[in-house]
Amino acid sequence: MAQDKLEHRLKAKAAELGFVACGIAHAGAAPRAGERLHQWLADGRHGDMIWMEERKHHRESPAGLWPEVRSVIALGMSYAPKDDPLRLADEGGVGRISVYAQGPDYHDVVKRQLKALGRWLAAEAGRDLPPFDLKVFVDTAPVMEKPLAEAAGLGWQGKHTNLVSREHGSWLFLGAIYTTLDLEPDRGGVDTCGSCDACQTACPTAAFPRPYQLDARRCISYLTIEHAGPIPHEFRAAIGNRIYGCDDCLAVCPWNKFAAAANANLAFHPRAELVAPELADILALDDAGFRQVFAGSPIKRIGRDKMIRNALIAAGNSGDAGLTPLVRSLLSDQNAVVRDAADWALSRLDTLDA
Ligand code: B12
Ligand code: SF4
Ligand code: SF4
């Protein structure tokens, strides 16, 4: 009976584990992704994310990483927000943290559930199938999760390059299971962006030179999370009050109106103090304070100095002269990038006074 097929039972189990989307692709189902990755890297669009380049031959295709892989199970877990992420855009005194980072670290949550699904599959399939193997991935491995999710029918890569689902919009964390099992693939996703260009128009730093192509070096997510040095001057004003990541291209996508917060995994419930943190509180953090506030959050990975740098850029954009004493105190910080950002912020706040 169709309902008894392994693929159906797998999807039912994935749903039980909190994945709102689950699809299957043949391991070779995203043939252009590798070629496009190589072009992207050759154009230098990864900036200083050297780790994208280091294992590019592993990343370019599932077989590049694991020659024995036959099928990819692509999974999505919703983190759709309850409130509009853009509502704090004009609140000068607060910092904006992107929705994905306001709760617990998704790497931990998604990995735990992927492993549970993997254990289930091993037990179920092991009964009447030859021995097989599997590996689970979320974000950090050299895996191209978006094109694989598209090939597995979870949705399509929108013009902002993220995966968009008709049912869940783009507030989806992705994960993947590679397996040596031959599973029946789903039909791939179909691009439904049409003539819409809302994400491109909304991008504050014009980070898409063309639709479907992102220049990470211009993206606020890259600039505030991945980039280690001083933030280039040309982007400082456009960053506004974003202190960690950016949600704008996702927030304006019309498909997100179907992304009901009710589908969101409760594990990603935002921590109250990370929804609209006061810049003054962030600017006052030393190393120990930073580790305490951001324990268990993906934000802890960037360390105190990058966070203070970001908060200083936001302070410079805040129009809030009350932040001047705190900004001034950071002119003598032990970190040169922090000192540079403090200098810039102070010059902006001084202009206000004048
Ligand atoms: C590197 C990376 C980044 C970089 C670069 C982003 C990027 N677009 O490449 C930076 C730091 C900027 C970033 C930012 C964000 N990221 Co990120 N990131 C990744 C990571 C680790 C790898 C992505 C990758 O392979 N990039 C390389 C490029 C070449 O691949 P691509 O984006 O798929 O490129 C395709 C298109 O550009 C297209 N293409 C290229 N050229 C051409 C030409 C034509 C003509 C056409 C039609 C198409 C086309 O084909 C390419 C291959 O499919 C993945 C996790 C993973 N392991 O996959 C998470 C991941 C993509 N990020 C994620 C998230 C949530 C974000 C942010 C929303 C976080 C935030 N709020 O700040 C932003 C979104 C910014 C944006 N608009 O993309 C999620 C996305 C989930 C989803 N629903 O899609 C992922 C999948 C992590 C996860 N496991 O959930 N990220
Ligand atoms: S995350 Fe922000 S800066 Fe990056 S592409 Fe989207 S709108 Fe532009
Ligand atoms: S905002 Fe429009 S163009 Fe961008 S991903 Fe969504 S539907 Fe596509």
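Since the model is a prediction, treat every value here as computed from it, not as a measurement. Counting convention: from 1, in listed order, for ligands and their atoms alike.
- Within a 4.0 Å radius of atom 80 (C) of ligand 1, the protein contributes one or more non-hydrogen atoms.
- For atom 62 (N) of ligand 1, the protein comes within 4.0 Å by no heavy atom at all.
- Proximity of atom 91 (N) of ligand 1 to the protein is not indicated, since no non-hydrogen protein atom lies closer than 4.0 angstrom.
- At a heavy-atom distance under 4.0 Å, only side-chain atoms of Leu250, from C-beta outward, approach ligand 1.
- At a 4.0 Å cut-off, at least one heavy atom of Tyr106 sits close enough to ligand 1 to count as contact.
- Taking only non-hydrogen atoms, the option from Ser221, Ala33, Pro142 nearest to atom 72 (O) of ligand 1 is Ser221.
- Using a 4.0 Å cut-off between heavy atoms, Ala141 contacts ligand 1 through its backbone alone, with no side-chain atom that close.
- Applying the ring-ring contact (aromatic ring centres under 6.0 Å, His included) definition to pairs two or more places apart or across chains, none involves residues 301-336.
- Evaluated by nearest non-hydrogen atom to atom 1 (C) of ligand 1, the leading choice among Arg210, Arg217, Met52, His168 is Met52.
- Considering each of Arg36, Glu145, Lys146, the one bringing a non-hydrogen atom nearest atom 47 (C) of ligand 1 is Arg36.
- Residue Val143 places at least one N or O, backbone or side chain, under 3.5 Å from an N or O of ligand 1.
- Crowding of Arg87 atom CZ: a count of heavy atoms from other residues, nucleotides or ligands under 6.0 Å exceeding 12.
- Distance alone, capped at 3.5 Å, places no donor-acceptor pair between the Thr180 side chain and the Phe132 backbone.
- Separation of the Tyr178 and Phe137 ring centroids falls under the 6.0 Å cut-off.
- Distance check for atom 16 (N) of ligand 1: every protein heavy atom is found at 4.0 Å or beyond.
- Between Trp255 and Trp156, a ring centre-to-centre spacing shorter than 6.0 Å is recorded.
- Regarding atom 19 (C) of ligand 1, its nearest protein heavy-atom neighbour is Asp139 OD1, 4.6 Å.
- Within a 4.0 Å radius of atom 42 (C) of ligand 1, the protein contributes one or more non-hydrogen atoms.
- If you look at ligand 2, the protein residues with a non-hydrogen atom under 4.0 Å away are Cys203, Pro204, Thr205, Ala207, Phe208, Leu214, Cys219, Ile220, Cys246, Asp248, Cys249.
- Of the candidates Arg242, His227, Glu226, the one placing a heavy atom closest to atom 11 (C) of ligand 1 is Glu226.
- Remark: minimum distance from atom 71 (N) of ligand 1 to any protein heavy atom is reached at Cys246 O, 2.8 Å.
- Of the listed residues (Tyr244, Phe208, Tyr222), the one carrying the non-hydrogen atom nearest atom 12 (C) of ligand 1 is Tyr222.
- Nearest-heavy-atom check against atom 37 (O) of ligand 1 across Trp40, Tyr212, Tyr100 picks out Tyr212.
- Side-chain contact of Tyr106 with Asn265: a donor-acceptor pair under 3.5 Å is absent, judged by distance alone.
- Under the 3.5 Å distance criterion, with hydrogens and angles disregarded, a donor-acceptor pair is assigned to the side chains of Arg348 and Asn317.
- Selection from His46, Arg59, Met144 by nearest heavy atom to atom 22 (C) of ligand 1 gives Arg59.
- Within 4.0 Å of atom 52 (C) of ligand 1, at least one protein heavy atom is present.
- Close approach to Gly245 involves these atoms of ligand 1, each under 4.0 Å from a residue heavy atom: 72 (O).
- For atom 59 (C) of ligand 1, a protein non-hydrogen atom is found at a distance below 4.0 Å.
- Sorted by first and then second residue, the pairs that involve residues 95-105 and meet side-chain hydrogen bond (donor to acceptor under 3.5 Å, both in side chains), not counting sequence neighbours, are Arg96-Asn241, Tyr100-Tyr244, Asp105-His107.
- Among Arg301, Lys306, Arg217, the single residue meeting the salt bridge (charged side-chain N to carboxylate O under 4.0 Å, His left out) criterion with Glu226 is Arg301.
- Nearest protein heavy-atom contact of atom 84 (O) of ligand 1 is Leu163 N, 2.7 Å.
- For atom 65 (C) of ligand 1, the choice among Trp171, Phe173, Tyr79 with the nearest heavy atom turns out to be Tyr79.
- Looking at ligand 1, you'll find an N or O of Leu172 within less than 3.5 Å of one of its N or O atoms.
- Inside a 4.0 Å radius of atom 39 (N) of ligand 1 there is at least one protein heavy atom.
- The shortest N or O to N or O distance between Gln157 and ligand 1 is under 3.5 Å.
- Atoms of ligand 1 found under 4.0 Å from any heavy atom of His160, numbered from 1 in the order shown, are 76 (C), 77 (N), 78 (O).
- At under 3.5 Å, not a single nitrogen or oxygen of Trp51, backbone or side chain, sits near a nitrogen or oxygen of ligand 1.
- Annotation: ring-ring contact (aromatic ring centres under 6.0 Å, His included) contacts involving residues 290-310, sequence neighbours excluded, comprise Phe290-Phe294.
- Ring geometry, His233 versus Trp344: the interplanar angle exceeds 60°, so the pair is classed perpendicular (tilted spans 30 to 60°).
- The distance from ligand 1 to the heavy atoms of Pro147 drops below 4.0 Å at these ligand atoms: 33 (O), 53 (O).
- Within the 4.0 Å heavy-atom criterion, the part of Ser170 lying near ligand 1 is the backbone and not the side chain.
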